[in-house]
Structures are given as C-alpha cells and as structure tokens.
Amino acid sequence: MNKSLTPQDLRDLQLPIVGMTCAGCVRRVERALEAVPGVARVSVNLASETATVTAPATLPPAQLTHAVETAGYKVGTSSVDLAIEGMTCASCVGRVERALQAVPGVTRASVNLASEQARVEIAGPADRTLPALIKAVDAAGYHAKPLTPAADTGDDAKARADRHARLQAAAAILLSLPLVVPMVLEPLGIHAMLPGWWQLALATPVQFILGWRFYVGAFKALRAGVGNMDLLVALGTSAGWGLSTWMLLTTPAEAMPHLYYEASAVVIALVLLGKYFEARAKRQTSAAIRALMALRPETARVRRDGGEVEVPVGNVTVGDLVVVRPGERIAVDGIIAEGATHADESLITGESVPVAKQAGDPVTGGAINGDGLIVVRTTAVGAESTLARIVRLVESAQAAKAPIQRLVDRVSAVFVPVVIGIALLTFAGWWFVTGDIERAVISAVAVLVIACPCALGLATPTAIMAGTGVAARHGILIKDAEALEHAHGVGVVAFDKTGTLTEGKPAVVAFEPAPGVDRADALRLAAAIQAGSEHPLARAVVTAAAAEQLTPSPASDITALPGRGIAATVDGRALQLGSERLMQELGIDLAPLAARAAQLRDEGRTVSYLAEVPGTAGVPPAPGQTEGPRSRLLALIAFGDTLKPSTRAAVQRLRAMGIRTVMLTGDNEGSARIAAARADIDVYVAEVLPQDKASLVTNLKEDGVAVAMVGDGVNDAPALAAADVGIAMSSGTDVAMHAAGITLMRGDPALVADAIAVARRTRSKIRQNLFWAFVYNLLGIPLAAFGLLSPMIAGAAMAASSVSVVSNALLLRRWRPEGKKQP
C-alpha cells in the first residue's frame with residue numbers, strides 16, 4: 001500500500017462485484033484489489049456485493065476492474081452514450097477519450113468520429129456520473145449531451161446544420177472566386193488582378209467570419225494543451241493572411257506586392273466544402289440505423305372494452321390484442337391469435353420473400369402485414385422488442401472501436417505537435433537557405449494545411465458503420481467491432497448439428513411399403529391414424545402425407561398404447577402403428593423390411609412400423625394367440641432430422657473461401673457420420689457432451705487459426721463464448737445470442753459465409769482507407785515542405801482525402817449476399 005499519500009490525495013470508489021458467493025470470495029477480491037499499486041484501503045461487502053476502494057484520484061478504474069476480473073469475478077458496469085459536438089479529426093477523438101477516462105468511476109470510453117458519439121462504461125449506476133462526464137468533455141473544448149433517440153435521429157436539427165454548412169461553403173467560394181480567377185487568367189495573358197485593398201476586403205470575411213469556427217476550435221485545443229485540425233488550419237491561413245496584410249501595408253503605394261489572400265481564402269473555402277460533403281457522407285453510413293428506427297410505428301390499434309382504440313405504441317402492454325390490417329406495419333412482437341397472412345420481414349431478417357403466417361405463429365414488430373387482417377397477442381414491447389434489440393446491437397457495433405484503430409490513436413496522439421514542428425523547420429529552412437521570408441511562410445502554411453489528420457480519424461469508423469449497416473439489412477447482426485475484426489480471419493467454422501445444420505424437428509426421411517402394398521395408400525392410412533395427435537413424430541407423418549397431396553380418411557377407435565404406439569380403425573381396417581416391440585407383441589413378421597430397417601438404424605434414424613391387425617383396434621393379442629390371414633406388415637417409417645436446404649451449399653461455399661468445417665454433435669456415430677457426409681462437412685465429432693464443446697473449440701484454436709462457432713441452443717453458449725467469433729442463429733435461444741458476437745436473423749447456414757464475407761470486405765475497406773490516409777500524409781508533407789505544393793492545392797488535397805475515405809467506405813453499401821448479387 002502507498003503510505004506517502006495524504007488524505008486529500010485519495011478518493012473512495014465503489015465497485016459493484018458480480019459473482020461473489022461466500023467469505024472466501026470476499027477475501028480473494030480484497031487481496032486482488034489491495035495488490036493494485038496505489039490502493040490505500042479496501043473493504044468488500046458480501047451482502048451488498050460492493051467493494052469500496054480508497055485510492056489516488058489519478059488511479060484509472062480500469063486497473064481495478066482488471067484486478068477483479070483476474071481474481072475470477074466481474075465488476076458490474078453500466079454504460080451511457082453521449083453525443084459529442086465539435087470534433088474534427090483523430091486528435092479530437094483522443095482528447096475526448098482521455099477526458100472521459102479521467103472521470104472517477106469510468107472503466108472504459110470509446111469515441112467514434114464518424115458517428116460523433118461516445119460510449120462510456122462506468123462502474124456502478126451511470127446517472128450519478130453523467131454530469132461529471134459532460135463537464136469533462138466541456139473542459140476538453142467540446143460539448144456533450146446524453147444520446148437519446150431524438151438526439152440520435154435529430155432530422156430537423158441536422159437539416160438546419162446542413163443548410164448552414166452549405167451556405168457557409170457557398171459564401172466562402174463566392175468570395176474566393178474573384179481572388180482565384182485572375183490567377184487562372186494570368187497565364188493566358190489576361191491581367192485582371194484586383195487591387196490589394198479589394199483582395200483584403202474579400203479575404204477578411206472568409207478568414208474571420210466564415211473561418212471563425214477554426215479559431216474557436218484552435219483556442220479550445222490550446223487551452224487543453226493539445227492540437228487538432230482546427231489549430232493547423234487556423235495557423236496556416238492566419239500566416240498567409242497576415243503575411244499578405246503586412247506586405248500590403250508596408251509596400252509603397254505605386255508598387256503591387258505579391259499577395260497570398262487567395263491561398264488563405266481558398267483553403268478555408270475548400271475545407272468548409274470538404275466538411276460539408278464529409279458530413280453528408282458520414283450520415284449515409286448510419287442509414288441502417290435510421291432505416292431500422294423508421295420501422296417502428298407510432299401507434300397501434302388495440303382491442304379494449306369490446307372495441308378498437310388507437311393508442312401510442314408506448315402504451316401497449318404485454319397481453320394486449322393488437323389489430324393489424326393488410327398493408328400496415330406490425331406494431332409489436334407477438335403471436336397471431338386470429339387470422340392468417342403473409343409478412344414481409346425483409347428489413348429485419350434480410351429475407352425478401354414474404355413469410356406465410358397463421359394463428360399460433362410469431363410475428364415481429366416492424367414487419368409489413370401482407371394480405372390478411374390479423375389479431376396479434378403482444379409478447380414484447382419497447383426496449384424488449386426484437387426491433388429494439390436489433391437497433392441496440394447495430395448501434396453498439398457502430399459505436400465500438402476496432403482493434404486496428406489503436407494504431408491510429410497512437411499516431412494521432414503525437415501527429416499535430418509533430419506537424420507543427422515540421423512546419424517550423426520548413427519555415428526556418430527556407431528562410432535560412434533562400435532568405436525569402438515569403439517563400440518560407442507559404443511552404444510552412446502548405447505543410448500545416450495538408451497535414452490535417454481528418455482522413456486518419458475517419459478511415460476505420462466509417463468502414464465499420466457502413467459494413468455493420470449493410471450486414472444488418474441482410475439479416476446479419478454484428479455485436480461489436482471486435483467480432484468484425486476477428487471474423488475476417490476465420491479459418492475454421494465449427495457447427496452444432498441440431499437446429500443449426502438441420503431443421504431441429506423430426507421429419508419422415510423414409511417410408512418403405514412392404515412387398516405388395518401400395519405406398520400412397522399406406523402413407524394415407526398412417527396419416528389418418530396420426531391426424532389427431534400433437535406428438536412431433538405424428539406431425540411429421542401428417543406433413544409427409546400432405547406433401548404428397550394425400551387426404552387421410554377419418555379415424556375411429558383411436559387408442560394410445562403407452563411406450564409402444566397407437567391403434568385406430570380407418571376405412572373399416574384395424575391398424576396399429578408403433579415400435580418394433582409392439583410389432584413383436586403382435587407377432588408381425590418384419591423380415592420383408594428387416595435389412596432396410598437395419599440400414600436406417602445405422603444412420604441414426606428412429607424406425608416405426610405400420611401393420612394391419614384383425615379384431616378390435618387398440619387391443620393387442622394375447623401372448624401366443626394365432627393371427628388371422630389379414631394380419632400383415634404394411635410399411636416401415638423412418639424419422640430423422642433433415643438438413644436445412646441451404647446447408648450443403650453453405651458448407652461448400654465456406655470451403656471455396658479457404659475455411660475448414662467441423663461438426664460437433666451429441667448424436668450417435670451413425671447419425672453424425674451420415675449428416676456430415678450429406679452436408680459435406682470436413683470433420684465431425686459425435687457423442688459430444690454439452691460441457692465438452694467449449695474445450696473442443698479451444699483445442700481447434702491451438703492450431704493457430706481463428707475459429708468461429710455456430711450454434712443455437714443453451715448448450716452451445718459456452719462454445720460460442722470460447723470461440724474467436726461466436727455466431728448464433730436467432731431461431732435459437734436468447735442465451736446463445738447473448739454469448740455470440742454475430743447473430744443471424746434467419747436460421748440459414750448460408751448466412752455464415754455471408755457474415756465472414758462482409759467482415760472480409762469491411763476489413764479490406766479499413767486497410768484501403770488507412771493505407772491512403774497514411775500515404776497521403778507521408779507524401780503530402782514532404783512535398784509541401786520542399787515547396788512543391790501551394791497552400792491552395794494542399795487545402796484541396798486535404799479536403800479531398802477526407803471525402804474520398806468516407807466515399808470509399810460507402811462502397812460497402814453495395815455489398816450483397818452471394819445469393820442476392822446482381823447478375
């Protein structure tokens with residue numbers, strides 16, 4: 001413990017601790033926190049599940065959080081999203097993050113330049129820390145406010161800001177044109193240069209009125225002891241304007257000095273124009289969020305007191321009956337209580353074909369009701385609705401920072417001071433070598449202008465926003481940027497079998513009639529026996545008959561035979577359907593289909609038999625009783641879990657992408673072998689216990705390749721968490737989706753390859769953007785320092801670099817899944 005600190009240097013920080021169960025846990029947490037350098041005192045309370053830590057105010061809470069996690073527990077955190085105003089470049093991002101992380105209780109802060117938002121994780125409730133966060137951002141020279149849906153969409157405010165930015169850029173261009181046109185005409189022999197005082201009159205409003213925002217930003221940066229884009233622009237253009245004004249005032253009236261007003265004015269005009277285009281392009285990267293939020297209807301038509309009343313969606317409660325007419329958006333998540341229709345869920349699941357819905361089927365709020373009037377019993381509203389959870393996932397991914405961004409952050413932290421140093425060296429070098437102060441100032445100005453680190457700050461977040469947005473439109477929800485970062489390098493995909501590669505429900509995989517028996521007639525009789533049962537195997541038989549357009553006759557004398565099968569009379573014929581045990585009790589000869597039954601059992605299928613038995617249906621014969629001549633075997637029925645239609649093609653596509661596939665299943669060897677062969681899986685592991693899946697995934701990672709795990713059940717959650725990338729089917733459990741980094745909104749294996757493909761495309765765009773952003777500065781700064789770029793060209797290049805980076809990221813919006821690509 002640190003004994004040299006005075007009480008005034010210390011502060012108390014309360015941490016909620018998750019996972020403590022006994023006094024031993026308390027002691028472990030205490031020892032872990034006491035080991036953190038600087039901690040003076042620790043008190044852990046098991047009843048309130050909190051730890052009070054007395055430590056220096058400068059000790060980052062992240063160190064305490066790490067210590068608790070290392071001890072095997074977690075610090076309970078809450079998060080708050082802030083809208084940040086005034087950021088212009090990557091340096092601003094770093095300054096805001098440092099200001100937020102210095103607030104007591106903050107464990108992590110991530111700032112996104114493209115979305116102009118910050119996500120802050122706090123140890124304990126966020127409401128008590130929010131005022132301190134806003135104050136810290138204001139002290140750093142920016143403005144923060146809590147991010148609400150209204151603040152996030154803010155269409156009216158953004159439209160006004162758009163108009164203001166457009167007017168500013170237009171005014172700057174109009175005032176700059178008279179300064180630039182004479183320079184363009186000069187080489188043509190046309191002398192139209194304006195008098196110096198006219199140039200001053202045109203350039204000054206551009207410099208100090210339209211460019212005032214740069215001075216404000218520069219002052220705030222200097223007050224915080226750092227640099228940013230505003231500082232570089234303000235320094236550069238002020239130097240050009242100041243040099244021209246000094247020359248105008250000191251040159252004899254009869255002489256015409258060479259002035260540089262056009263350089264300063266054009267730089268400001270181009271930067272303003274570039275910022276306007278950049279802001280418009282950045283808003284397009286968040287189009288996915290706005291499209292999702294637009295799906296939420298404002299009102300719902302609810303049945304109350306015997307009638308229908310229209311109420312705000314926020315007033316609908318679980319259990320309410322909501323009436324949805326044809327063509328309307330479904331306002332809530334629920335189950336259809338009345339009616340049937342087709343629902344267009346394309347903006348939620350990415351499935352373009354409307355899905356048939358009938359009573360008992362679930363529907364999702366935001367989907368469009370097709371051709372029928374339906375009544376929906378509400379199961380989820382507000383923040384718990386599927387649409388709200390999708391919006392939160394996409395927002396979370398777009399607000400997060402990719403691991404590759406850390407390199408940019410380290411560069412940006414020292415970028416502006418280094419550039420100012422290079423500009424000073426450029427000025428000194430030119431002045432020393434040539435003695436020409438004008439040339440020295442102009443070269444230094446060019447260095448300051450071209451080096452604005454806007455493109456660096458936008459390279460990664462714009463690509464992530466565009467990539468996660470287009471993925472969400474096609475039914476792929478990426479939880480965070482880290483999942484996106486890992487997914488591009490996946491070399492092995494491990495699949496759960498049931499419900500992931502297969503339909504997850506039994507189906508008739510084989511129906512074999514006995515010799516001399518008509519297949520269609522036997523299947524019709526089997527369906528007639530099972531028509532009134534809700535057993536999964538019974539429903540499978542009925543579905544198989546319906547698929548062949550067979551209409552079963554009514555059954556009578558239906559009798560359940562517990563543990564063996566069912567008996568009934570159909571068309572006057574006494575029938576029994578059940579297990580091999582039942583057939584043996586009835587004395588039915590199974591030899592005609594014995595070989596086929598053995599083969600199906602080797603494949604892991606469940607085999608049942610249909611037989612015609614004389615006498616009363618449902619009464620098995622007494623042991624040893626001899627059957628009449630009509631007692632005979634009619635058919636064999638094999639049940640199994642069928643592969644999803646897209647499974648084989650999805651696996652083959654993964655192989656074409658250079659990815660190895662593995663299937664992990666608890667099924668027996670025969671069933672696993674057949675399923676793997678039909679799906680074209682490279683490797684399978686059968687009879688895997690749920691608790692062993694995670695260790696198998698960990699073993700796969702030891703080969704040095706990134707591993708993705710795809711599953712849908714509670715038993716898959718540990719394996720999903722153990723994988724580099726967990727991919728959950730939304731048709732599965734909430735636990736699986738919570739553990740996964742990527743959620744597929746349709747239970748379609750083809751989306752696995754699509755998720756990896758969009759991750760690879762996004763990663764490619766990030767690398768392209770960073771390459772050009774770095775190359776632009778690495779080439780531009782030396783060219784400017786050696787006097788090969790004028791300030792005007794430097795300004796145009798700087799503005800173009802930011803716009804080009806965002807535009808390149810927006811190309812991701814053209815991505816389509818493999819099956820939806822345009823011919």
Would you please name every residue forming a side-chain contact (heavy atoms from CB on, under 4.5 Å) with Q63, sequence neighbours left out? V36, L59, P60
Start with the C-alpha distance between D748 and K644, add both sets of side-chain angles, then the distance that settles salt bridge (charged side-chain N to carboxylate O under 4.0 Å, His left out), and finish with yes or no. CA-CA 8 Å; D748 184 355; K644 292 179 178 179; over 6 Å; no
Are L664 and K497 packed together at the side-chain level, in the sense that at least one heavy-atom pair is separated by less than 4.5 angstrom? no
Is a side-chain donor-acceptor pair under 3.5 Å present for Q768 with N808? yes
Decide if atom CZ of R660 counts as having more than 12 heavy atoms of other residues, nucleotides or ligands within a radius under 6.0 Å. no
According to side-chain contact (heavy atoms from CB on, under 4.5 Å), who are the partners of A708, at least two apart in sequence or on a separate chain? V490, V493, V725, I727
Keeping T500 on the side-chain end and F495 on the backbone end, is there a donor-acceptor pair under 3.5 Å? no
For R760, give me all partners under side-chain contact (heavy atoms from CB on, under 4.5 Å), at least two apart in sequence or on another chain. H488, M657, I659, I756
Test your reading of the model: is there a side-chain donor-acceptor pair from T661 to the backbone of D682, 3.5 Å cut-off? yes
Given I478 and T743, is the side chain to side chain contact (heavy atoms under 4.5 Å, CB included) satisfied, shown in steps? CA-CA 7 Å; I478 300 171; T743 299; over 6 Å; no
Without swapping roles, check the side chain of D724 against the backbone of H486 for a donor-acceptor pair under 3.5 Å. no
List in chain and number order the residues that pass side-chain hydrogen bond (donor to acceptor under 3.5 Å, both in side chains) with R673, two or more places apart in sequence or in another chain; answer none if no residue qualifies. none
Once side-chain contact (heavy atoms from CB on, under 4.5 Å) is applied, do any residues pair with L779, and if so which ones, sequence neighbours excluded? V775
Side chain to side chain, D496 and V710, heavy atoms closer than 4.5 Å: no
Sequence neighbours excluded, which residues qualify as side-chain hydrogen bond (donor to acceptor under 3.5 Å, both in side chains) partners of T647? none
Please check if the side chain of D680 supplies one atom and the backbone of R648 the other of a donor-acceptor pair under 3.5 Å. no
Given L812, which partner from the list V758, I464, T762 fulfils the side chain to side chain contact (heavy atoms under 4.5 Å, CB included) test? T762
Check: E121 side chain, R108 main-chain N or O, donor-acceptor pair, under 3.5 Å: no
Answer whether the closest heavy-atom distance between the side chains of R678 and I674 falls below 4.5 Å. yes
Report the distance from atom CG of L744 to atom CG of L751, rounding to the nearest 0.5 Å. 5.0 Å
